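A quick write-up on the structure given underneath.
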Amino acid sequence: MASLQPVRGTHDLLPDEARRARHVIETGRGIAERYGYEEAATPIFEFSEVFARTLGETSDIVTKEMYTFTDKGGEQITLRPEGTAGIARALISGGLSQHLPLKFFYAGPMFRYERPQKGRLRQFHQIGAELLGVGEPSGDVEVIALGATILEELGVLQHTALELNTLGNTESRAAYRALLVEYFSDHLDSLSAESNDRLERNPLRILDSKNEGDREIVAGAPEFDDSLDAASQEFFAAVCAGLDTLNIAWQRNSRLVRGLDYYCHTAFEFTTEALGAQGAVLAGGRYDGLVEQMGGPSTPGVGWASGIERLSMLIGEAPAKQRPISMIPMGDAAEAVGLRLTEDLRRAGYTVDMGYRGKMKQRMKRANNINASVAVILGDDELAQCSATLRDLDSGEQELVALDDLRDRLEQFR
RNA sequence: GUGGCUGUAGCUCAGUUGGUUAGAGCGCCUGGUUGUGGUCCAGGAGGUCGGGGGUUCGAAUCCCCUCAGCCACCCCA
């Protein structure tokens, strides 16, 4: 076995898998454009502070998952663990606030130092969408609808369920958090060690604990809805109503919380059973406080991200490759003619393969292996008549065609 | 980061209580066909049994360490 292993949690995208990833990205990009989202790309590394400040000092991502290093200039740099912070930073540093609302689509690699598992990698890829400058619930609806449409187009929507929750506005969230801390503090001894830890850092997370003992205690915890003020309730109701209008099925999950500090109001996840413990396929929410927290003007935002590898695992086979035409010259004279024909056809838009060596049998075999639809055979007999033999590789039928007519005759094999 | 399972040819796997040159199917290469693939027949190449150390006359097989994948926790995409 090769002693050269890829770095843990990374993997190669060989053509088969690359094609699937490309299909996911192109589908996402195409649909995002119909919704008015334009592609944007931010650097894959930023000053560490961009993530540390926005994701929350106590979040898991910041405390243990960031790939951080000091560059040769002494700067603290971090490989991006997610896409939203970079977009927000770009909004501020590019002075884009005066062009709001802005609608961005992005695709690219993300990095998190985690223990790898199926559907969980250290370098993984996401597509994502961000809507900036829209504080209305219709923004949430649009963003979720975009996600649903992409999943549908990829053929995976039926394998997912949309879970929806609200975290309320800042005031409601703070009030609920206080109630939770008060409640759980009375049960400190019964809570798991992990949840004790969470009480300090992110008490909402306890609601989502899978620990049996925790669940019993959680069952008696205060309900989020009781802490929601009128404005927050109204907002959530509007989002739900919008989804209903669009016939997007959803279910309330009052345990659904987000790990990142900047989320408020809507939180959602399209989840699946098909990926083991990694249920989230496409997830996001509203982050009205983020841009301001980074030092920019107060700017509402809502968006989501989706794991390309996870989507790829759900879609099965990628669309079929283009079937090439196989050029098969026999001898030096034919080689030169074949080279020229191949180039002409390629420039005319055909996909053409011409081998670099080998006897006819080997070249035919290669034509078969690459799933060519037709072989163009050029030998002395053909050249003498300024013609080529076309062999239909599916039917096995072949015919002599004048070189001048070649391009037209190949039209049916495109 | 914690716990568990796994690791034999390019791929999927077999390998009997430790015993001689580690096997199969698929794939790959060559020939049967001086210019005809996909079917068929014949032959061939390819493995330091994840890596390192140990026990033993002898290790793919037993023990320890390590790396990687997978599963659960955690977290999420």
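So that the names make sense, note that chain A is the first sequence line, chain B the second, and so on, each numbered from 1. If you're wondering where the values come from, they're calculated on a predicted model, not measured in any experiment.
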_What is the separation between atom OH on A/Tyr106 and atom P on B/A77, rounded to the nearest whole Å?_
9 Å

*Sequence neighbours left out, what pairs pass side chain to side chain donor-acceptor pair (under 3.5 Å) with at least one residue falling in residues 153-164 of chain A?*
A/Glu163-A/Asn253, A/Glu163-A/Thr271

*Which residues satisfy the side chain to side chain donor-acceptor pair (under 3.5 Å) test with A/Arg347, sequence neighbours excluded?*
A/Glu343

*asked:* Please give the distance between the P atoms of B/C62 and B/C5 as a whole number of Å.
replied: 14 Å

*Mind checking A/Ile308 for me? I need base, sugar-phosphate or nothing, with any heavy atom below 4.0 Å counting as a touch.*
nothing

*asked:* Using whole Å, what does the distance between atom P of nucleotide B/A77 and atom CD1 of A/Ile127 come to?
replied: 13 Å

*To the nearest angstrom, how far is A/Gln362 atom CD from B/C28 atom P?*
13 Å

_When the C1' atoms of B/G46 and B/C26 are compared, how many Å lie between them, rounded to an integer?_
14 Å

*With rounding to whole Å, what would you report as the distance between B/A45 and B/G10 at their C1' atoms?*
13 Å

*For side chain to side chain donor-acceptor pair (under 3.5 Å), just list the numbers for A/Asn165 and A/Ser254, CA-CA rounded to whole Å, side-chain angles, deciding distance to a tenth of an Å, and then say yes or no.*
CA-CA 6 Å; A/Asn165 196 23; A/Ser254 58; 5.6 Å; no

*Side chain proximity check, A/Glu33 to A/Glu38, heavy atoms < 4.5 angstrom*: no

_Atom P, compared across B/G25 and B/A42: separation rounded to whole Å_ = 11 Å

*Residues which pass side chain to side chain donor-acceptor pair (under 3.5 Å) with A/Gln76, listed by chain and number, not counting sequence neighbours*: A/Thr70

_Using 30° and 60° as the class boundaries, would you call the ring planes of A/His187 and A/Tyr183 parallel, tilted or perpendicular?_
tilted

_Would you measure the distance from the P atom in B/U36 across to the matching atom in B/G31 and give it in whole Å?_
12 Å

*Hey, are A/Arg20 and A/Glu17 close enough for a salt bridge, meaning a charged N less than 4.0 Å from a carboxylate O?*
no

_Please give the distance between the P atoms of B/U61 and B/G3 as a whole number of Å._
25 Å

*Are A/Asp353 and A/Arg346 ion-paired here, with the side-chain N under 4.0 Å from a carboxylate O?*
no

*With sequence neighbours excluded, residues passing side chain to side chain contact (heavy atoms under 4.5 Å, CB included) with A/Gln233*: A/Leu228

*Whole Å only: how far is the CG atom of A/Leu256 from the P atom of B/A77?*
10 Å

*Is A/Leu164 close to A/Leu243 at the side-chain level, that is, under 4.5 Å between some pair of heavy atoms?*
yes

_Between B/C13 and B/C29, how many Å separate the two C1' atoms, rounded to a whole number?_
23 Å

*Round to the nearest Å and state the distance from A/Glu17 atom CD to B/C11 atom P.*
14 Å

_Tell me every residue that passes side chain to side chain contact (heavy atoms under 4.5 Å, CB included) with A/Glu292, counting only those two or more places apart in sequence or in another chain._
A/Ser298

*Could you state the CD-C1' distance from A/Glu269 to B/A77, rounded to the nearest angstrom?*
9 Å

*Of A/Ser306 and A/Gln398, whose closest RNA chain B nucleotide lies nearer the 5' terminus?*
A/Gln398

Pairs under 3.5 angstrom, nitrogen or oxygen only, protein versus nucleotides 37-39 of chain B, please.
| from | atom 1 | to | atom 2 | distance (Å) |
| --- | --- | --- | --- | --- |
| B/G37 | N7 | A/Arg391 | NH2 | 3.1 |
| B/G37 | O6 | A/Arg391 | NE | 3.3 |
| B/G37 | O6 | A/Arg391 | NH2 | 2.7 |
| B/G37 | N1 | A/Leu393 | O | 2.6 |
| B/G37 | N2 | A/Asn368 | OD1 | 3.0 |
| B/G37 | N2 | A/Leu393 | O | 2.5 |
| B/G37 | N3 | A/Asn368 | OD1 | 3.3 |
| B/G38 | O4' | A/Asn368 | OD1 | 3.4 |
| B/G38 | O4' | A/Asn368 | ND2 | 2.8 |
| B/G38 | N2 | A/Asp394 | O | 3.1 |

*Go through the structure and list residues passing ring pair (Phe, Tyr, Trp, His ring centres under 6.0 Å) with A/Tyr67, not counting sequence neighbours.*
A/Tyr113

*Watson-Crick or G-U stems involving RNA chain B, each at least 3 pairs long, distances under 3.5 Å, ordered by first number*: B:1-7 with B:67-73, B:10-13 with B:23-26, B:28-32 with B:40-44, B:50-54 with B:62-66

*Going 5' to 3' through nucleotides 66-73 of chain B, assign each nucleotide B (protein heavy atom under 4.0 Å from a base atom), S (under 4.0 Å only from sugar-phosphate atoms) or - (no protein heavy atom that close).*
-SSSSBBB

*Rounding to a whole Å, what distance do you find between A/Tyr113:OH and B/A77:P?*
20 Å

*Taking it one step at a time, do A/Tyr176 and A/Ser172 satisfy side-chain contact (heavy atoms from CB on, under 4.5 Å)?*
CA-CA 6 Å; A/Tyr176 182 57; A/Ser172 299; over 6 Å; no

*B/G47 and B/A9, which share atom name C1', separated by this distance in whole Å*: 5 Å

Using atom types as modelled, flag every donor-acceptor pair under 3.5 Å from a side chain in residues 139-150 of chain A to any protein atom, sequence neighbours excluded.
| from | atom 1 | to | atom 2 | distance (Å) |
| --- | --- | --- | --- | --- |
| A/Asp140 | OD1 | A/Arg286 | NE | 3.0 |
| A/Asp140 | OD1 | A/Arg286 | NH2 | 2.7 |
| A/Asp140 | OD2 | A/Thr266 | OG1 | 2.6 |
| A/Asp140 | OD2 | A/Arg286 | NE | 3.1 |
| A/Glu142 | OE2 | A/Tyr37 | OH | 2.7 |
| A/Glu142 | OE2 | A/Lys103 | NZ | 3.2 |
| A/Thr149 | OG1 | A/Tyr35 | OH | 2.7 |
| A/Thr149 | OG1 | A/Ala145 | O | 2.8 |

*asked:* Looking at the base of B/G1, is there any donor atom on it, or on the side chain of A/Glu65, that sits under 3.5 Å from an acceptor on the other one?
replied: no

Polar-atom pairs under 3.5 Å, protein N or O versus N or O of nucleotides 41-44 of chain B: list them with distances, or write none.
none

*Just how far, in rounded Å, is C1' of B/G35 from CG of A/Leu383?*
12 Å

List the atom pairs, with distances to 0.1 Å, where a side-chain N or O of residues 322-335 of chain A and a protein N or O form a donor-acceptor pair under 3.5 Å, not counting sequence neighbours.
| from | atom 1 | to | atom 2 | distance (Å) |
| --- | --- | --- | --- | --- |
| A/Arg323 | NE | A/Asn371 | O | 3.1 |
| A/Arg323 | NH1 | A/Asp394 | OD2 | 3.0 |
| A/Arg323 | NH2 | A/Ala372 | O | 3.2 |
| A/Arg323 | NH2 | A/Asp394 | OD1 | 3.1 |

